Amino acid sequence: MTGPLVPFREIVLKVHSRCDLACDHCYVYEHADQSWRTRPKTISDEVIFRTARRLAEHAKTHALPSVSVILHGGEPLLAGPARLRRICEELTAAFDGVAELDLRIHTNGLQLSPRYLDLFSEYDVKVGISLDGDREANDRHRRFADGRSSHPLVLKAVELLRQKRYRHLNLGLLCTIDIENDPRAVLDALVELDPPLIDFLLPHATWDEPPSRPDGSRTAYADWLLAVFDRWQEQGRPVPVRLFSSVLSTLSGGPSLTESLGLAPTDLVVVETDGQLEQVDSLKSAYEGAAATGFDVFTHAFDEVAAHPGVRARQLGLDGVSETCRSCPVVRSCGGGLYTHRYKSVGAVDPTLLFDHPSVYCDDLKALVLGIEEHTAASVVPPAVAEPVELAVAQQDLTRTMLALLHSDLDGRGGDHWAAAWELAATIEGSEEGSRGLDEALAHPYARSWLHDALSAVHEERPGAGRIAWRLSSYVAAAAVRAGLDLAVPVTYRDGTVALPGLGALRIDGPEAGTVGVRATEDGFLVRRAGDGGHSSFERRIVRGGEAGRGWLPVRRLGGGAPGSAGDPGPGPAPGSAPDWVIDDLDPYRGCFTARPAAGLRPDEAGRLSAALGSAWARIVRRTPRYAAEMAGGLTTLTPLTGLPPGEPSVGRHGYGALGIRPDESAGQWPLTLMRGFRRAKLRALLDVTDLYAADGSWEHRMPWREEPVPLSRLLAETYERVALGAFEPHYLDGVPQALETLERAAELTVSGKQVLDLMRKEI
C-alpha cells in the first residue's frame with residue numbers, strides 16, 4: 001500500500017475492560033471478538049506510563065499540534081477517581097511542551113458524580129454520555145444484568161453535567177439507533193436535555209450478521225434517520241447532529257465530520273488495558289482478532305502500528321473502497337460506510353479483502369444522503385447559482401469582505417493615506433447615493449486584482465507591503481465622483497498618473513508621485529494639487545463622459561453610457577443597442593490574465609475594435625436574445641491582450657465581469673469569442689462563491705467530443721460552455737446530452753453543482 005504514513009491524532013485508551021450494564025447491542029461483549037475476557041480489568045501504572053511516553057514521542061516526531069485521548073472501556077468510570085487521576089497526570093506531564101492534549105471520556109454515566117467531575121474539570125476532560133432517547137427507547141437495550149432500567153441514573157448524570165460549574169465539560173450525547181423506537185420521540189427526548197452535540201450511531205453489523213430489519217425494508221435505517229432529520233429541521237436545528245452535519249458538509253463540498261462517513265483517512269488507534277495496540281474498536285464486530293495488530297506499547301512505536309496493513313487499508317480514501325462504491329454518486333458523502341460494516345467472510349487469504357465490499361447499510365446510506373440532499377437543496381444552494389443578479393451581489397460581498405480583511409491585516413501599517421481613505425469611505429457610505437457609488441467603484445473587476453496583490457504582499461511581509469494599499473484612495477475618489485458628492489478626496493498617485501477605476505486616467509504635471517485632491521462637480525470632477533517644493537500648482541476640470549485631452553484619458557465605453565453604470569447587473573440593453581461595456585486598456589491592475597495586457601489602443605484601433613464588437617453584439621442579440629440579456633448585465637469590462645490564440649478569450653484569476661480579448665479577432669469569430677468568454681467568466685464567478693464539485697481529479701470521465709479522459713472540472717467547464725454556444729450554432733450541442741448524463745452520475749458534484757446541471761438541462 002502506497003502513500004505517506006498517516007499519524008494518529010486520536011487514541012482510544014481502554015482504562016477498564018468491564019461494564020456495569022448489560023447492553024445487548026454492545027460490540028465489546030455481545031459480538032464476535034471476546035478478547036475482553038482475557039484482559040486485565042483495570043489499566044496498570046506501567047501501561048499508563050508507556051502509553052503516555054509513546055504517544056508524546058509520536059506527536060513530537062510528526063509535529064502534531066494536538067492529540068485527542070478518549071478514555072474508554074467497558075465502562076471507564078469503574079477504574080475509579082484515583083486511577084483516572086493517575087492517567088490524567090501522566091498524559092499531561094508527557095505532553096507538556098510537546099503538543100496540546102485534548103482529553104475526553106465516553107461513559108454510560110451511571111457512576112458519574114461531582115467527585116469525578118471535579119477531577120475532570122481540573123484536567124479539562126470532556127464528557128460524552130451514551131443515551132438512546134426517552135425511557136422506552138433507552139430501556140430497549142441499555143439495562144442492568146437483572147433487567148432494571150438505567151434511564152433514571154443516566155438522566156441524573158446528564159443533569160449533573162448541565163450544572164453551570166460543569167457545563168464546559170459537556171461533550172454531548174451518543175445514541176445508538178434502533179428502528180423500532182419512535183424517531184421523533186427519540187430526538188425530542190435528546191434535544192430536551194440541551195446537549196452541545198448529538199451523535200447518532202448505526203448499530204454495528206456485517207454481511208455475516210446483518211442489522212435487524214423487522215419490516216424487511218432495505219432502507220429502514222435511512223427512513224428512520226430521515227424522520228429524525230425532518231423533525232430536526234422543523235425544530236430549527238436546535239442542537240448540532242454530527243451525522244447530519246457531516247452529510248450536509250460533504251454535499252456542499254466540505255469534509256466529512258465523522259469516522260463512520262466520508263473518505264478521510266483514519267487516524268485512530270486503540271490501547272487496551274494490557275497495553276496491546278489495536279485497530280478501531282468496532283472491528284470486534286467482525287471476527288475474533290479482527291482488531292489485533294500484534295503490537296504493544298512496551299516494545300513498539302505508534303509509527304509501527306500506523307504502517308500495519310489493516311490500518312493502512314483505512315487510509316486509502318477512494319482507493320480503499322470497493323469497486324461498486326467507487327462508481328457510486330454518493331461515495332464522497334458516505335465514504336463506503338464504516339469499515340467494519342463492509343465485512344463479509346469469503347475465505348480470502350488477505351484479511352483486508354474481507355472488507356472489500358459495500359457497507360451492509362449501503363442502501364440506507366445512499367437513501368439517507370439523497371434524502372437529505374432533496375430535503376435541503378433549496379436552502380443549501382446559494383441564490384447566486386441560479387440568479388445573475390444574486391451572483392453579482394455575492395461577488396460584491398466577496399470584494400467587500402476582502403477589503404475589510406486587508407484593513408484588519410494591515411493593522412495600521414497602511415499609514416496616514418490608508419487611514420484617511422478608510423475614514424472617507426465610511427463617510428461616503430453613510431448616504432444612499434454614496435453607498436451605491438462605492439458599490440459601483442468596487443464592482444470594477446480589477447478591484448479584486450488589487451486586493452489579492454495587497455493581501456499577498458501583507459501576508460508575505462514584503463518590504464513596504466503597506467504602500468500597496470495606496471490604491472484605496474482611488475476607489476474612494478471614484479465612488480465620490482459616481483455619487484456626485486461634494487467631498488474632497490486626497491488621492492495618492494504613482495508614475496505621474498492618477499487612475500480612477502472605471503472612469504479613466506489623468507497625467508499629472510510635476511512630480512511622478514504625490515497626492516492630489518479629487519472633488520465631484522455638477523458635470524464631472526476637479527483634480528487639484530497645491531504647489532510645493534518648487535513645483536507649481538496643478539488643476540484640471542474633467543467633464544464626465546467628455547473627450548480625451550490635456551492629459552485625460554477616459555475609459556472607452558462600447559455603449560457610450562455614463563461611467564456610473566459599470567457593474568450594474570440590470571436587465572440588459574434594449575434589443576439591438578450596444579451594452580455598456582468598458583474597454584479598459586488603462587487600469588494598472590488589469591494584468592490578471594494568462595496573456596499580457598496590450599498597450600494603450602490608438603484611436604483608430606479603438607474605433608475598429610468598437611465597430612467589431614458592436615457588429616458582433618448585434619448578431620448575438622438577433623440569434624440568442626436570452627444570452628444577450630445576461631451577458632449585458634454580467635459582463636462589464638473587456639481588456640485587450642496580446643498573444644491570445646484566435647477565438648480564445650481569457651478569464652482573469654479574479655474579478656467578476658472582466659474578459660481578456662484579442663483586439664484583432666476575425667469578424668466571424670467575435671460572437672462565439674464573447675459568448676465563450678462570458679460563459680467561462682460566469683463559471684469562474686460561481687466557483688468563487690460556492691463549491692460546485694469536490695475531490696476533482698479522483699475520477700476521470702469521457703467527453704463525447706474528445707478521446708482522452710478528463711477530470712470533472714474540465715468536463716463541467718466544456719459542457720457549460722457548449723450549452724450556451726449551441727444556442728448560437730446548434731452543432732455545439734452534439735454530445736451535450738451524453739455529457740450531462742455523465743455529470744449526473746459523477747460523485748464529485750456538490751448540491752450546488754447539481755443545481756447548475758439542472759439549469760443546463762433547462763437551457764437546452
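Bear in mind that the values here come from a model prediction, so they are computed numbers and not experimental data. Numbering of residues begins at 1 and proceeds along the displayed sequence. Just so you know, these numbers use all the heavy atoms, side chains as well, and skip hydrogens, waters and symmetry mates.
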task = Would you check if S249 and P255 make a side-chain contact, meaning some heavy-atom pair closer than 4.5 Å?
result = yes
Short side-chain donor-acceptor distance under 3.5 Å, S252 and T750 = no
request  = With the side chain counted from C-beta on, respond yes when S752 and D691 share a heavy-atom pair under 4.5 Å apart, and no when they do not.
outcome  = no
ask   = Quick one: do R608 and E605 make a salt bridge, cutoff under 4.0 Å?
value = no
key: Charged tip of R679 within 45° of Y720 ring normal and under 6.0 Å   = yes
query = Looking at side-chain heavy atoms only, is the closest gap between V723 and Y732 below 4.5 Å?
reply = no
message = More than 12 heavy atoms of other residues, nucleotides or ligands under 6.0 Å from CD of E460: yes or no?
response = yes
query = Thinking salt bridges, do R471 and D587 make one under a 4.0 Å N-O criterion?
reply = yes
inquiry  = Strictly below 4.0 Å, N to O, side chains only: are R400 and E429 in salt-bridge contact?
reply    = yes
task = Kindly indicate whether the side chain of R550, heavy atoms from C-beta on, has any atom under 4.5 Å from the side chain of R540.
result = yes
inquiry  = I need the single residue from M760, E721, E748 that forms a side-chain contact (heavy atoms from CB on, under 4.5 Å) with L716. Which is it?
reply    = M760
key: Salt bridge E708-R702, side-chain N to carboxylate O under 4.0 Å   = no
query = Is the NZ or CZ atom of R623 both under 6.0 Å from the centre of the six-membered ring of F728 and within 45° of that ring's axis?
reply = yes
query = Quick one: are R619 and R622 in side-chain contact, heavy atoms under 4.5 Å?
reply = yes
task = Quick one: sort the W418 and W422 rings into parallel, tilted or perpendicular, breaks at 30° and 60°.
result = parallel
Closest contact, heavy atoms only, A480 versus I428 = CB-CD1, 4.0 Å
message = Could you report the tightest heavy-atom contact between R482 and G437, atom names first, then the distance?
response = CD-O, 3.8 Å
key: Any side-chain donor near an acceptor of the partner, S650 and T594, under 3.5 Å   = yes
remark   = Looking only at heavy atoms, the pair that brings L635 and G657 closest together is CD1-O, 3.2 Å
task = Check the surroundings of atom CD in E423: do more than 12 heavy atoms from other residues, nucleotides or ligands lie under 6.0 Å from it?
result = no
key: Minimum heavy-atom distance L715-A739, with the two atoms named   = CD1-CB, 4.1 Å
query = So, Q395 versus R448: side-chain donor-acceptor pair below 3.5 Å or not?
reply = yes
query = Got a donor-acceptor contact below 3.5 angstrom from the T376 side chain to the S379 backbone?
reply = no
key: Ion pair E718/R706, N-O distance below 4.0 Å   = yes
ask   = Do the side chains of L659 and T639 get nearer than 4.5 Å, heavy atoms only?
value = no
ask   = Does a side-chain N-to-carboxylate-O contact under 4.0 Å join E648 and R680?
value = yes
ask   = Are the side chain of R556 and the backbone of I583 linked by a donor-acceptor contact shorter than 3.5 Å?
value = no
R761, CZ: over 12 other non-hydrogen atoms inside 6.0 angstrom = yes
ask   = Can a salt bridge be assigned to the pair R590 and D585 using a cut-off of 4.0 Å between side-chain N and carboxylate O?
value = no
message = Using side-chain contact (heavy atoms from CB on, under 4.5 Å), reason through R237 and L248 one step at a time and then give a plain yes or no.
response = CA-CA 13 Å; R237 302 184 182 183; L248 290 169; 3.6 Å; yes
request  = Work out which heavy atom in G614 is nearest to a heavy atom in L558; give both atom names and the distance.
outcome  = N-CD1, 4.2 Å
inquiry  = Donor-acceptor pair, distance only, cut-off 3.5 Å: does the side chain of S435 make one with the backbone of E432?
reply    = no
task = Would you kindly say whether S713 and D696 are connected by a side-chain donor-acceptor distance under 3.5 Å?
result = yes
key: Sub-6.0 Å ring centroid separation between W581 and W617   = yes
key: Nearest-0.5 Å distance that lies between atom CG in L410 and atom CG in L472   = 9.5 Å
inquiry  = Does any part of the side chain of M631, heavy atoms only, come nearer than 4.5 Å to the side chain of K682, both counted from C-beta?
reply    = no
message = Between V498 and S474, is there a side-chain heavy-atom distance shorter than 4.5 Å?
response = no
query = Without hydrogens or angle criteria, can the side chains of Y446 and T637 be said to hold a donor-acceptor pair below 3.5 Å?
reply = no
note = Heavy-atom nearest pair, A478 first then P501, reads CB-O, 3.8 Å
request  = Could you list the residues that satisfy salt bridge (charged side-chain N to carboxylate O under 4.0 Å, His left out) with K366, not counting sequence neighbours?
outcome  = none
key: E729 atom CD: more than 12 heavy-atom contacts under 6.0 Å   = yes
request  = Might you confirm whether atom NE2 of H417 has over 12 heavy atoms from other residues, nucleotides or ligands at distances under 6.0 Å?
outcome  = no
request  = Tell me yes or no: between the side chains of D495 and T497, is some donor less than 3.5 Å from an acceptor?
outcome  = no
task = Please say whether more than 12 non-hydrogen atoms of neighbouring residues, nucleotides or ligands are located less than 6.0 Å from CD in E512.
result = yes
R528 CZ: over 12 foreign heavy atoms closer than 6.0 Å = no
request  = Would you confirm whether the ring centroid of W450 sits within less than 6.0 angstrom of the ring centroid of Y475?
outcome  = yes
message = Distance check, rounded to the nearest 0.5 Å: T719 atom OG1 versus I764 atom CD1?
response = 10.0 Å
ask   = Do L641 and I661 pass the side-chain contact (heavy atoms from CB on, under 4.5 Å) test, and can you show the C-alpha distance, the side-chain angles, and the key distance before you say yes or no?
value = CA-CA 6 Å; L641 304 178; I661 57 172; over 6 Å; no
